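Structure first, commentary second.
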Amino acid sequence: MILTVNGEVREAAPRPGQCLRTLLREHGWYGVKKGCDAGDCGACTVHLDGEPVHSCLVPAFRAEGRAITTIEGLAGPCRPGEGPPAVLHPMQEAFLAAQGFQCGFCTPGMIMTAAALDQGQRRDLATALKGNLCRCTGYRAIGDAIAGIGHVDRDTDGAPDPCGRNLPAPAGAAVVSGTARYTLDVPLEGMLHMKVLRSPHAHARVLRIDRAAALAVPGVVAVLTHDDAPAKRFSTGRHQDPLDDARDTRVLDDVVRFVGQRVAAVVALGEAAAEAGCAALVVDYEVRPAVFDPHRALMPEAPPVHARAGGAAGTHSNLAAEVHGEIGDVAAGFSQADLIHEGTYVSQRVQHAHLETHAAIGWRDAAGRLVIRSSTQVPFLTRDALADLFHLAPEAVRVVCGRVGGGFGGKQEMLTEDLVALAVLATGRPVAWETTREEQFVGATSRHAMRVGVKIGALRDGTLTAIALHVVSDTGAYGNHAGGVIHHGCNEVIGVYRCPNKRVDAYAVHTHTVPAGAFRGYGLSQTVFAVESAMDELARGLGIDPFAMRRLNVVRPGDAMVSTSLAPHDVAYGSYGLDQCLDRVEEALAAMPPAVPPSPDWLTGEGMAMAMIDTIPPRGHVAEASVALTPEGRYALSVGTAEFGNGTTTVLGQIAASALGTTPDRIAIRQADTDAVGHDTGAYGSTGIVVAGQASLRAATALAEAIRAAAAARAGVAAEVCRLGIDAVAVPGGAVALADLAREGALVGHGRADGTPRSVAFNVQGFRVAVHRLSGEVRILDSVQAADAGRVMNPMQCRGQIEGGVAQALGAALYEDMRIDDAGAVTTRTLRDYHVPSFADVPRTTVLFADTHDGIGPLGAKSMSESPFNPVAPALANAIRDATGARLTQTPFAPDRIFRAVMATAGSGLEGPQRP
Ligand code: FES
């Protein structure tokens, strides 16, 4: 057939059943993305004769004779592989001006849809964008882009300090033009493709795998089973200290412990052959008993998930980790209390649903080294894990990232790289593996489901006397992040309260279900839901306003940072803006006009909640950086952290530019390549700005001093009187060009940060809602979040992080739910079933910032990436409680759950749904 794309005409031969999306990518149009291959997400949107279509739903042969436009050709004819066009399409310009993207993976499809809208459709984006999902932004910036509202400050030369300004993301033009390169956006000719057979059983021993039929499938090159995999066990969870996570996972195992676990891999010339090979595999299983509920899993008769003695003497082998601690005397504290609230709050599994699914490509380079190009938040830790697993020297392995299409903690795991490495080493040929959306649900990680028992006591005046938490966390079949999540989840949530008596008992429990893992908030979203809901009930019982209750009891500078241990540690108040956050949300809610119920069946109410987060994980998080002066008199910053939409690249450029007295556009940034840049523990734990930023600041400061010294030597003056300018160093009576200094010798600055001491950041969320007393529908009338991010380095970008966090948390609070059936299988396997929030689902959130300057973070900055998520569910629950009288103790707040709670409250004769 003749394929006409972006004005270029080519011969093409689509395979039977092939969709247009994959055909376009095979011809080099990588701006056409895959988020689902089911027509749910819109990342693959192209124009067919000017009409936007989801190319994953269009049979490739139907495109014959039709004009296809991809994001690359939106501004005009082009050829595959070209960079951003000199002149962008107006809608691409609009997305740049509003920075209507974060990771940018949804952006090509979003722009293609938006560019085709007429004026009427633009007035109803809730309808017009119902076929396009964005997981990162919360949609406000996308709406602004389509409305022509810009935020980016493009005047890079005009202001003396780049920090604190809305400077654009360096990759912006590449993102909006579809020329940014994600993991799989490279030519794959000659590459083998891998597909994976997954377990249909929750617990079974693999007795036999017959490969013969699979190997007979034309195109199949290899079948890999547990016989081919290293016997060594590892953890998919990656931390600076690899011993943080249980080494309980094999690349391919002869025991499967959840439905969806990898059983075998087929490597073939194409994906279809690999799929056919998987279908031809014959596997004999010995099915074993399984347990799916963490409480049952702790019973003596429960089948062990791992055949090992676990935990301390007398504890069950299904106990993956536990945390216990007490300060003061909790029993005495409760005996002093005038009022005690006790409740149990349940949080469900939710999926990260980053639009770019997990993927990796592997090959051997000319020197025979193993190279993995991966969508990961932790390239260095993945490199180290692969070297350990396959008995290779770390120098014999290279891990490199393209742009990463979202992560939210899900890519702090090694979920594809190990199997791709095995396939490369086994076949000696390059191999690619792209997981499907279904595999994301059944085989990747999720948030830990938790049941949190809370007991809080207070005096009549509201002063807290004791807090106790009892947490049971379902970590699933493997122990990645099991201990870390309960440690973190039980720390800041009570550390933020100045209460003399605190106790925590937390258990992470194995079940025969898909493993949980690192997820935005790292345990805090579940425990904050519990504690902040309980605090609201306690305040109500005492007749104290919820803001006043917090002001009375929150920690203040000078207080010890204490959760359940008095041991000295490295968290300090580098700055403190919780008081401002509380004030700003309260003032913002008060200033809003009174809520008008749509009808008498709608009940309105307000709620708030707060959260604290340590700005860095404990026990070290290392980042190295270097900045070099280039021969052109510009700068090259090398730093390890990966960019996955969190915006660190932008801010690192701002920080380095500030130290060097230059503009961020004069700094080229290279990152996330274990061969090319210094070590970085990874882009997780809210560390991008505060750790990699600190290392970048130190490197840039060192280079600035070196440049001043070189200029001083050349001019024969003291370094102290030399001033760095954009192109030259000003010296008394003249100037020394930076390019001249670079030609005289290499000038490089190095910096390192090890993640200690750590500061704290705060978020306060407020909602105003209307709840339909009969249908259980919730409408968010107003949403406001105040954040203490220290010095806000890029307000536009930080606002976007907060809006995106609120949107993702609203999904988790209202409808996202990974359902698991009685046989342990995940039943929500598509974005459509799972319900990632769309444009229509997300209200605008007013974002306010505390005015603080952190003494620990670089140039006063703190982190603000995962924490906006944490107070959302309890603030919403508290608002629904205010509206209806019903206390919701389980997320998601589905309409049927709300209806039952409202009816139960009405039936109780207590504060019921008729209350105005
Ligand atoms: Fe939309 Fe990441 S920017 S999915």
Side-chain angles (χ1 to χ4, degrees), residues 31-36 40-45 54 71 91-92 94-96 98-114 125 129-146 151-152 168-178 180-183 185 351-359 375 377 401-411 437 440 520 642-650 683 688 796-811 816 831 834-842 865-866 868-869:
V32 184
K33 305 299 186 198
K34 181 214 75 177
C36 65
D40 294 340
C41 77
C44 64
T45 303
H54 288 34
I71 185 71
M91 190 55 72
Q92 292 170 320
F95 269 69
L96 262 188
Q99 194 148 320
F101 60 88
Q102 287 178 22
C103 81
F105 201 77
C106 71
T107 308
M110 196 71 77
I111 290 176
M112 294 306 287
T113 297
L125 292 181
L129 295 184
K130 63 185 176 186
N132 289 78
L133 296 176
C134 173
R135 190 54 155 171
C136 302
T137 62
Y139 299 101
R140 189 275 311 157
I142 290 171
D144 281 2
I146 295 171
H151 302 283
V152 164
V175 168
V176 301
S177 63
R181 291 290 174 253
Y182 296 78
T183 302
D185 296 342
Q351 230 282 328
H352 309 79
H354 33 73
L355 273 207
E356 182 199 34
T357 59
H358 287 275
S375 179
Q377 295 172 234
C401 296
R403 192 172 174 86
V404 177
F408 314 113
K411 293 175 180 172
R437 180 55 60 184
Q440 290 294 129
R520 194 174 200 168
E643 172 65 58
F644 62 107
N646 50 350
T648 48
T649 311
T650 316
M796 166 188 70
Q797 193 172 277
C798 194
R799 176 186 175 191
Q801 284 291 316
I802 293 167
E803 292 167 327
V806 172
Q808 192 176 27
L810 281 173
E816 293 183 34
L831 293 175
Y834 179 70
H835 193 165
V836 165
S838 67
F839 191 100
D841 296 315
V842 181
S865 48
E866 53 185 332
F869 190 105

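Along the sequence shown, the residues carry numbers beginning at 1. Whatever order the structure lists ligands and atoms in, that order sets their numbers, starting from 1. FYI, side chains are in, hydrogens and waters are out, and symmetry mates aren't considered; it's all heavy atoms of this structure. Predicted model, so just to flag it, every value in this text is computed and none were measured.
Among the candidates Lys34, Lys411, Arg403, the single residue satisfying the salt bridge (Lys or Arg N to Asp or Glu O under 4.0 Å) test with Glu356 is Lys411.
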| query | Please walk me through it: do Arg181 and Glu643 pass salt bridge (charged side-chain N to carboxylate O under 4.0 Å, His left out)? | reply | CA-CA 12 Å; Arg181 291 290 174 253; Glu643 172 65 58; over 6 Å; no
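Sorted by first and then second residue, the side chain to side chain donor-acceptor pair (under 3.5 Å) pairs with a member in residues 104-113 read Thr113-Asn132; sequence neighbours excluded.
For Phe101 and Phe95, the ring centers are positioned 6.0 Å apart or more.
Taking Glu866 as the reference, nothing meets the salt bridge (Lys or Arg N to Asp or Glu O under 4.0 Å) condition, with sequence neighbours excluded. Under the rule for a salt bridge (Lys or Arg N to Asp or Glu O under 4.0 Å), the partners of Asp185 that lie at least two apart in sequence or sit in another chain are Arg25, Lys33.
Inside a sphere of radius 2.8 Å centred on atom 2 (Fe) of ligand 1, the protein N/O/S atoms present are Cys103 SG, Cys136 SG.
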